[in-house]
Structure formats: C-alpha cells, structure tokens
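Small disclaimer: the values here were computed from a predicted structure and weren't measured. Residue numbers start from 1 in every chain, and the chains themselves are labelled A, B, ... in the order their sequence lines are given, proteins ahead of strands. When reading the values below, keep in mind they use all heavy atoms of this one structure, side chains included, and skip hydrogens, waters and symmetry mates.
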Number of protein chains: 2
Amino acid sequence: MYTNGRRLHYFVTIADLGSLGRAAQTLHIAQPALSRQLRLLEESVGVPLLDRNARGVTLTPAGHSYYASARRLLDDAVLASARAVRTARGEVGHLGLGILEIYAWHESVLRALQTYRQQSPGITFTIEAMLSGAVTQRVLDGHIDMALAYTGPLADDGPLAAVPWIEDTYLLAVHEDSGLSRRPPRRLADLNDEDFILFRRDRSPRLHDLLIHHFHQHGLTPRIVQEGTTHYTVLGLVAAGLGCTVTPASAKRRLPPGVKLVAVSDLDVRMPINLVWRKDNPSPLIPRFVDLLCGDRPPA
Amino acid sequence: MYTNGRRLHYFVTIADLGSLGRAAQTLHIAQPALSRQLRLLEESVGVPLLDRNARGVTLTPAGHSYYASARRLLDDAVLASARAVRTARGEVGHLGLGILEIYAWHESVLRALQTYRQQSPGITFTIEAMLSGAVTQRVLDGHIDMALAYTGPLADDGPLAAVPWIEDTYLLAVHEDSGLSRRPPRRLADLNDEDFILFRRDRSPRLHDLLIHHFHQHGLTPRIVQEGTTHYTVLGLVAAGLGCTVTPASAKRRLPPGVKLVAVSDLDVRMPINLVWRKDNPSPLIPRFVDLLCGDRPPA
DNA sequence: TGGTGTACATAGCAAAATTGTATGGGATGA
DNA sequence: TCATCCCATACAATTTTGCTATGTACACCA
C-alpha cells in the first residue's frame with residue numbers, strides 16, 4: 001500500500017550491484033530477507049522490476065524507470081528533512097508582511113528587509129500593502145505573519161503581540177495653487193470652509209474615527225467632498241486640486257507633484273505604528289524581524 | 001532511518017485535519033498509534049513538526065515546510081509506480097538507436113520514428129549516428145538498444161538478434177569537373193591511376209576490408225591519398241576535388257555540391273543493412289520498432 | 001553427460017516494529 | 001470545581017521484518 005523508504009533503498013542497492021547476494025552483504029542483512037522485500041516492492045509497484053538470471057539480476061525496462069524514480073524519492077526524502085530542520089532554525093522560510101501602504105517604501109522597512117536578506121538569503125518575503133483596517137484582520141486570520149499597522153491599544157491577553165515602531169505625526173496636505181497654500185491656516189478651525197478629502201471609513205475605521213474626533217475637538221467639522229480608498233488616491237485627489245487632506249508626515253517621501261505639506265499648530269495627532277503578530281505564531285523569523293526593525297525596545 | 005510512506009500519509013492527514021483524533025478516525029487506526037507514529041516521524045526529521053495545543057495540533061514552520069515536501073513525496077511515489085507500469089506496457093519509455101551516419105535521414109527510418117511517436121507519444125528516442133564499427137559494439141555494451149548497421153553474418157547463438165532492413169549498393173562518387181566525370185570509367189580497373197579517398201579502417205574495419213577485397217578481386221589497387229572519418233567527410237574531400245570514392249547509393253539524398261554518382265559495372269558490392277539488438281534486451285519497445293521498420297519479414 | 005558452484009526462492013522460527021486497549025494529564029469552558 | 005476534550009503513556013496483541021536452513025534453476029567444466 002505505502003512506499004517504504006527502506007525497500008526503495010534495498011531496491012536501489014540491488015540494482016546498483018546487480019546481485020541480491022552482494023546487496024545483502026552491503027546492507028548487512030541476509031539474502032532471503034532481501035529476496036522477500038524485493039518481491040513485496042514488485043507487488044506494490046505492480047510489475048516485475050528485475051530479471052533474475054543465473055548470474056544475478058538485471059533491471060527490466062520498468063525497473064529502469066522505477067530505479068530513476070526511487071533514487072530521486074530517496075534524495076527528496078532526505079532533502080525534505082534537511083529543509084524542515086533549516087526552516088526550524090530560521091535559515092530558510094517565508095515571512096508574510098502586511099504594511100500600511102504609506103510605509104511600503106519607508107527607509108526603515110527597506111533597510112530591515114535588506115539586512116534580513118543579507119543575513120539569511122534563504123528567506124522569502126511577501127509584502128502586502130493595505131490600509132490599517134484590513135491589515136490587522138489578516139494577521140488574526142493567519143494570512144500574513146506580521147504587520148506594520150495602527151492597532152490601537154492591545155489587550156495583554158489578546159492573541160496579538162506588538163512592539164512600537166514609529167510614531168507618525170499628521171500634516172495638512174494642500175495644493176500649491178490653492179488659497180491654503182498662499183495663506184496657511186494656523187488652526188484646524190480655519191479649515192471649516194475648505195473642501196476636505198478623506199479615505200473611506202470602511203478602509204480603516206479606527207483611524208478615521210480618531211481623526212474625525214480630533215477635528216471635532218478643535219472646532220473643525222470637515223466638509224468632506226471626496227473620498228479615496230487609499231492614502232495615495234486621496235493625495236491624488238489633492239494633486240488634482242479637489243481639496244485638502246491630512247496625511248502622515250511619512251508621506252513626504254512620496255508626494256504627487258503640486259502637493260505640499262503644511263503644519264497646523266493644533267493638528268497634533270500622533271499615530272503610533274506598531275509591528276504586530278500573533279503570539280501563537282511560532283515562526284522563528286518573527287523575533288529576528290522585530291529586532292531588526294525595532295531594535296531592542298521593550299514590547300508594548 | 002528511512003522515510004516511511006505510511007508515516008508521511010499519517011502526518012499529512014493529521015496536518016489536514018488539525019487533530020490526531022479526527023485523523024485516527026479517518027485513517028481507521030487508534031489515536032495512540034498515530035501519536036506514536038507522529039513522534040517517530042518528528043524524531044527522524046529532527047525537529048517538531050506540530051504544535052500540540054488543547055484544541056488540536058497546528059503546523060510549526062518546519063512542519064509547513066515538511067508538509068509540502070511530504071505531499072510531493074507521496075504523489076511522486078504513486079507516479080513512480082504508475083510510470084513503471086506504463087513502461088512495462090511499452091506506453092512510455094526510451095529507445096536508444098544507433099544508426100549508420102549515412103542513413104540518419106533515410107526516409108524509411110524517419111517514417112518509422114514518426115509512426116512510433118504517433119502511436120506512443122510517451123516514447124523518447126536517442127539517435128546516435130556513427131560508423132558501423134562502433135555501432136555494433138555499443139549495442140553489445142548496452143549503451144544503445146538497437147542499431148541499423150552492417151553486422152556481417154551473425155551466429156545464431158550469439159547475443160545479437162537481427163532482421164534485414166535494406167541492401168544498399170555502392171556507387172562511385174566523383175567531382176563534376178574531374179576527368180572521371182567526363183570519361184566515366186567502365187570497370188573498377190580503370191580507377192588504378194586515380195586518386196582515391198576512403199574512410200579510416202578503424203572506423204569500420206569490416207566494411208573497409210570488404211571493399212578493399214572487392215577492389216583487389218576486380219584488379220583495382222586504389223591509391224588512397226586521403227582518409228576521412230565518416231562518409232560525409234569523405235564526400236567533402238571529393239567535393240574539394242581531392243579524389244574519388246565509393247559510397248552507398250543511399251548517399252544520393254545528401255551529396256555535397258559538385259559531386260555526382262557514377263555506376264561502375266563491376267562495382268556490385270551489396271551491403272545488407274540489418275536492424276540489430278541484444279536478444280536479452282527485454283524492452284517491449286524493440287519488437288514494435290522492428291515491425292515498424294522491417295514489416296513482418298522473418299528474422300535473419 | 002553428470003558434477004559442481006553460484007545465485008535466487010521458499011519455509012519456519014525469532015526479533016522488531018506497529019497497532020489496539022486502557023489510562024493519565026493538561027487545558028478549556030460551564 | 002467539574003465535565004469535557006485532546007494528546008501522551010503503558011502494556012498487551014498483532015503484523016512485519018529478518019535469520020537460518022534448505023530447495024531449485026542455471027551456467028560452467030570435466
């Protein structure tokens with residue numbers, strides 16, 4: 001029923017030596033045992049693999065075919081174990097990384113990935129860029145191993161672990177040709193009459209609510225005239241002159257042409273970005289990535 | 001020590017179902033047996049493959065790696081048997097064919113190969129073109145399965161079997177601009193003063209001796225001024241105007257420019273070309289190829 | 001032609017590996 | 001705290017594998 005590695009090894013040895021007797025010597029077992037094992041193998045395969053003649057045995061055509069397969073199976077079985085061991089040691093493996101779209105090209109991330117690859121060339125990465133709402137969910141699902149995201153406060157006994165990465169501040173993004181560019185607003189309340197653009201709430205409800213709450217506290221009820229699905233589409237709408245938005249300061253690395261960032265005194269939203277993962281994810285790659293990206297800060 | 005197919009199947013089932021208990025049910029064995037087999041597998045691999053928690057088991061990173069390998073190993077093991085069976089049936093396989101260089105493009109050969117491939121797309125061929133001396137040796141060695149070659153008379157109890165294929169006649173090959181082309185020789189004896197080219201004796205001693213013997217019998221002692229290693233290099237020398245040679249009539253399909261063939265009355269060497277193979281070669285592909293190439297003529 | 005040696009197959013028993021039953025221990029949830 | 005679920009352990013039962021002795025077929029040789 002099942003292919004036994006021992007039998008394959010017996011068969012390969014017999015075929016190599018062309019003789020049951022010599023193979024038995026080499027394998028340190030008695031010749032009749034080999035004879036039986038060979039018969040069992042042939043029965044499980046379904047066709048004779050060796051021709052028995054007076055001077056020994058020779059491979060049948062089917063035997064030649066099976067011999068090639070057997071050698072490969074034996075090699076592959078050894079490789080499978082070796083690969084598993086190396087995976088356990090963290091020398092090879094895969095790390096699925098979710099990341100807020102805005103940080104996908106952040107130099108700190110890029111440096112960490114680069115260093116990781118230098119230290120362990122066997123590691124492969126998948127980077128998924130998305131907005132905060134989805135990213136945490138995919139870590140919980142187990143679709144990705146780690147994420148850089150705004151998670152809000154985490155329960156200590158929850159399934160997720162996190163360490164702080166950076167704390168991003170928010171700036172106002174305006175078009176260079178707009179009135180806001182010529183007469184920069186001093187406070188958020190000055191923006192009440194401006195056309196406002198924001199990402200859709202369903203993409204990252206937590207962040208959306210946090211921003212809106214902050215605006216209200218400082219006397220701003222933004223007139224949202226347009227919504228984008230991502231930071232970049234939102235900034236694209238700003239570049240098109242359709243209004244202004246707030247955006248993480250990290251976005252300054254990739255601003256569309258015509259858009260500039262303006263600091264507003266009471267826009268002091270601080271968004272802590274965490275590196276999060278499931279506590280029960282046993283991948284040995286995770287602590288190393290944490291170290292690389294966040295140094296040796298204490299876990300949050 | 002050896003990877004057992006049964007254990008791999010157990011492991012894959014456990015991983016698929018995420019539980020030893022459910023896997024035991026599916027596999028129709030008791031749960032403790034599975035527990036033990038799993039432990040043995042992990043010991044042979046060298047690292048834990050599954051994390052045991054209260055609700056079942058989950059794959060470790062090493063387990064993920066090994067799971068992928070295990071699935072492939074199981075599939076490959078099944079394929080190995082299937083391939084061996086199909087090889088035994090002659091549905092797939094390999095046929096190594098040695099052929100006299102001059103017949104490598106012979107339409108009869110090409111048609112046979114084409115038909116074979118249509119009937120059995122799984123068959124692969126290796127065609128080796130060489131001169132007669134080497135070709136028989138390689139059949140005896142077992143390096144190739146069959147050959148089209150001049151073998152001379154075969155002993156009935158020898159290791160080789162043969163059926164006649166074609167009987168080639170020999171013609172004189174001369175350069176168009178030579179004196180021989182303008183005044184064609186009537187008999188071999190007319191060639192005593194001509195520059196002669198022949199292949200090297202070590203490449204096909206039998207054929208070489210047969211030709212020389214025939215020449216002597218008809219009063220020709222060829223003045224061999226040049227030797228080539230193959231029919232084609234010899235014909236190349238003729239095309240270069242260095243002399244004349246004799247060549248199988250089959251060569252007319254591929255003559256170099258400037259060379260033409262001339263019949264000489266007493267050059268009536270008949271060279272029977274046989275399809276030969278080792279009698280003890282059990283490949284089921286051989287009789288089919290014999291039928292295709294030689295029809296149902298009786299074996300010689 | 002019959003002996004002799006070599007090589008694989010078979011038989012019967014012993015050893016080892018695998019499985020089943022009964023039971024234990026730790027985590028989970030009412 | 002108790003019931004429940006799930007995997008681990010212990011030991012007996014069964015199956016598989018291996019060893020020794022012997023049989024059979026074939027080639028080689030006198």
Side-chain angles (χ1 to χ4, degrees), chain A residues 1-45 47-60 63 67 77 155 157-159 278-280 282, chain B residues 1-45 47-60 63 77 155-159 278-280 282:
Chain A
M1 179 75 184
Y2 294 106
T3 307
N4 188 310
R6 196 179 330 120
R7 287 205 189 127
L8 288 185
H9 187 213
Y10 287 175
F11 168 65
V12 166
T13 306
I14 296 171
D16 282 338
L17 299 178
S19 149
L20 287 181
R22 280 197 296 278
Q25 272 188 297
T26 305
L27 294 165
H28 303 295
I29 62 171
Q31 170 264 317
L34 259 189
S35 183
R36 177 121 61 94
Q37 292 302 321
L38 176 58
R39 167 179 292 289
L40 289 172
L41 178 65
E42 289 179 317
E43 277 170 14
S44 94
V45 171
V47 293
L49 301 175
L50 293 168
D51 274 335
R52 282 78 161 168
N53 21 50
R55 272 199 290 279
V57 293
T58 55
L59 287 166
T60 62
Y67 176 85
D157 55 351
R278 277 188 74 114
K279 287 174 185 167
D280 60 0
Chain B
M1 179 73 185
Y2 295 106
T3 309
N4 189 310
R6 196 178 330 121
R7 287 207 188 126
L8 289 184
H9 187 212
Y10 287 175
F11 168 65
V12 166
T13 306
I14 296 170
D16 282 338
L17 299 178
S19 149
L20 288 184
R22 280 197 297 280
Q25 272 188 295
T26 305
L27 295 165
H28 303 294
I29 63 172
Q31 170 264 317
L34 258 190
S35 181
R36 184 158 180 65
Q37 291 303 319
L38 177 57
R39 218 167 58 78
L40 289 172
L41 179 65
E42 289 179 318
E43 278 170 14
S44 94
V45 171
V47 293
L49 301 174
L50 293 167
D51 274 337
R52 282 78 160 167
N53 19 50
R55 271 198 289 279
V57 292
T58 55
L59 287 166
T60 62
D156 271 354
D157 55 352
R278 278 187 75 114
K279 287 174 186 168
D280 59 1

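Residues in residues 17-29 of chain A take part in no salt bridge (Lys or Arg N to Asp or Glu O under 4.0 Å) pair, two or more places apart or across chains.
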Checklist entry - How does each nucleotide of nucleotides 5-16 of chain C score, in 5' to 3' order, for protein heavy atoms under 4.0 Å: base (B), sugar-phosphate only (S), or none (-)? => result --SBBB-B----

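In this structure, the salt bridge (charged side-chain N to carboxylate O under 4.0 Å, His left out) partners of Asp16(A), at least two apart in sequence or on a different chain, are Arg71(A). Arg6(A) is linked by a side-chain contact (heavy atoms from CB on, under 4.5 Å) to Asn4(A), Tyr10(A), Tyr2(B), counting only residues two or more places apart in sequence or in another chain. Remark: Arg52(A) engages Glu42(A) in a side-chain hydrogen bond (donor to acceptor under 3.5 Å, both in side chains) (not counting sequence neighbours). Residues passing the side-chain contact (heavy atoms from CB on, under 4.5 Å) test with Asp280(A) are Arg278(A), sequence neighbours excluded. Listed by chain and residue number, Arg39(B) satisfy the side-chain hydrogen bond (donor to acceptor under 3.5 Å, both in side chains) test with Glu43(B) (two or more places apart in sequence, or in another chain). Scanning for side-chain hydrogen bond (donor to acceptor under 3.5 Å, both in side chains) contacts around Gln37(B) gives Arg7(B), with sequence neighbours left out.
For dT18(C), neither phosphate oxygen OP1 nor OP2 lies less than 4.0 angstrom from any side-chain nitrogen or oxygen of Tyr2(A).
Regarding Leu40(A), its CG atom lies at a distance of 17 Å from the P atom of dA17(C), rounded to whole Å.
Chain A approaches DNA chain D within less than 4.0 angstrom (heavy atoms of the protein), and the contacting nucleotides run 5' to 3' from dT17(D) to dC28(D).
Heavy atoms only, all atoms of each residue included: Ala24(B) and Ala30(B) are closest at CB-C, 3.9 Å.
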